Number of protein chains: 2
Amino acid sequence: MNATIDRSLVSALPLFSRMSDAELDDILSMAVSRRYAVGTSVFEQGQAADQFFVLLYGRLRVTQVTPEGQQIIIRMVNPGDLFGIAKALQRNDYPGTSMAVAESVALAWPMTCWDEILERHPSLTINAMQTMGGRLQEAHTRLRELSTEEVERRVAHTVLRLANQSGKKEAGGVRIDFPVSKQDIAEMTGTTLHTVSRILTAWESAGLVEGGRRKLLLKDPHRLLLLGDGHVPGLL
Amino acid sequence: MNATIDRSLVSALPLFSRMSDAELDDILSMAVSRRYAVGTSVFEQGQAADQFFVLLYGRLRVTQVTPEGQQIIIRMVNPGDLFGIAKALQRNDYPGTSMAVAESVALAWPMTCWDEILERHPSLTINAMQTMGGRLQEAHTRLRELSTEEVERRVAHTVLRLANQSGKKEAGGVRIDFPVSKQDIAEMTGTTLHTVSRILTAWESAGLVEGGRRKLLLKDPHRLLLLGDGHVPGLL
DNA sequence: TTCGGTCTTTGAGCGGGCGCAAGGTTCCGG
DNA sequence: CCGGAACCTTGCGCCCGCTCAAAGACCGAA
């Protein structure tokens, strides 16, 4: 566990692009890898932010709970993603909870290394900034959707976004390759599981998707795109 | 106009903190300053992103228009803010339009300088990252609000956020010190101007605020806070 | 001062989607 | 194989907040 992480695990990640082997080793020497079983949390909302992470395998769900107890899903963390970078948000605690929805492995660094690493590795700093830029854009997109679109269209966009980030081509469509409940979709979309259920049922009748207990297969992403007709990039 | 910008104009800005005079001069030598009259745009959605900016004086409103023609306000730009950093979002065009709602002055750099400046001035890179972090947090806050709160509460939060960012203490309350229409508030809150008007009228009757044509005075921010009782930081 | 444009107020009506509730289905541990 | 937990479906009624509509208030320009 304390042995230095092998470079090959991360060298292909965009986050570490344009880095020499020596630089990579320097960074990896400060990390440890951890395994997270389904349902266990990597960190929890409000907890002191003493580590930051990169996800190697698996899938995480990042949630926030409002003072009134309502939960929303901020985003899904996919392999290769940097997460838990509270320092970059100028915070000392984690603003949300991240929990494994699939068996996951992540690299963890002490948060005290953050400044040091940024200072020593400018190219990583720039990559990290790009990461944040991408996230900011996604947040703006969701804001626009929540402000202007009706529920059905928002669900369409949400589902298509999931497919773009974590979709797996399969006979007959694109499968969201981790367990998603209707409740999850509701919390990503700003609605209730009831409404999501009704909408998906309708789509299923129309042959657009195929649902199931925590399962989702998009049989016709193209027609969904028309439904949520603003444009979600990718997927054609 | 082409003379190098005086250091004193920016040296106090958090964005340029921890920078030597020589570094500052290096950066400023690449900038030009521009004036924007009320109602004129600094850049427009979709336009090639060839410059990035720092606002010195005034106030800007950043909007996005959906394919269906609906407009939303992404954020207000306050003096000292970095904006138009499309490069950091991995974009070649501006994702929104920024327009002066008050007489404004900004410094402008060619976007081609972006990488060079980041590379030469790590402390600025880190500051820029913090900027983005703050914006990301605000976006998440708004997402949470839009997903879970009712309109009246959202309006309260929006108005309090404005007050924190651009409020000016005044006899009898805190004034939003630039022109805001009900339409603006609606576009920041994800509702219609009608609803905003009704809500503000009710608040006025209750002695919470004092409105007017594109004017807004918060007479009792504390009670508004109770209304939007999740916590907006600051202001006490 | 008048005129046109922009911003605001207020009313009336209706409909999307939420709350509530009950029942069904799938999964897993014992 | 059984029982309980988690997840999903569906019906019904209601209300928040939107749409539509019309008129009033304020502002700057000529």
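Predicted, not measured: the structure shown is a model, and the values here were computed from it. Reminder, nothing fancy here: chain letters follow the sequence lines and each chain counts from 1.
- Residue A:Leu193 places its side chain closer to D:dT9 than to any other of D:dC7, D:dT9, C:dT8.
- A salt bridge between B:Glu145 and B:Arg161 is present, with a side-chain N of the basic residue lying under 4.0 Å from a carboxylate O of the acidic one.
- The shortest side-chain heavy-atom distance between A:Thr63 and A:Ile74 does not fall under the 4.5 Å cut-off.
- In this entry the distance linking CD1 of B:Ile185 with P of C:dT8 reads 8 Å, nearest Å.
- Summarising the geometry, the separation between CD on B:Glu187 and P on C:dC7 is reported as 11 Å, rounded to the nearest angstrom.
- Formation of a donor-acceptor pair under 3.5 Å by the A:Thr158 side chain with backbone atoms of A:Arg154 is found in this model.
- With A:Leu60 as the fixed residue, the side-chain contact (heavy atoms from CB on, under 4.5 Å) test singles out one of A:Val101, A:Asp81, A:Val42: A:Val42.
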**Prompt:** For every nucleotide of nucleotides 17-30 of chain D, 5' to 3': is a protein heavy atom under 4.0 Å from its base (B), only from its sugar-phosphate (S), or from neither (-)?
**Reply:** SSBBB----BS---
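- For the pair A:Leu216 CG and D:dC7 P, the computed distance is 16 Å after rounding to whole Å.
- Atom CD of A:Gln183 is separated from atom C1' of C:dG19 by 14 Å (rounded to the nearest Å).
- Using cut-offs of 30° and 60° on the angle between ring planes, the pair A:Tyr94 and A:Phe53 is tilted.
- Close to C:dT9, at under 4.0 Å from its OP1 or OP2, lies a side-chain N or O of B:Lys182.
- The distance from atom CD of A:Glu210 to atom P of D:dC8 is 15 Å, rounded to the nearest whole Å.
- Within 4.0 Å (heavy atoms only), A:Gly211 reaches no atom of the nucleic acid at all.
- Taking the six-membered ring where tryptophan is involved, the planes of B:Trp109 and B:Phe52 are essentially parallel, since the angle between them stays under 30° and well short of 60°.
- In terms of phosphate contacts, A:Thr201 brings a side-chain nitrogen or oxygen within less than 4.0 Å of OP1 or OP2 of D:dT10.
- The CG-P distance, from A:Leu200 to D:dT10, rounds to 11 Å in whole Å.
- In this structure, A:Asp93 pairs ionically with A:Arg91, as a charged nitrogen and a carboxylate oxygen lie closer than 4.0 Å.
- At whole-Å resolution of the value, CD in A:Gln70 and P in C:dC18 are 11 Å apart.
- Using a 4.0 Å cut-off, no side-chain N or O of B:Ser197 falls inside it from OP1 or OP2 of C:dT8.
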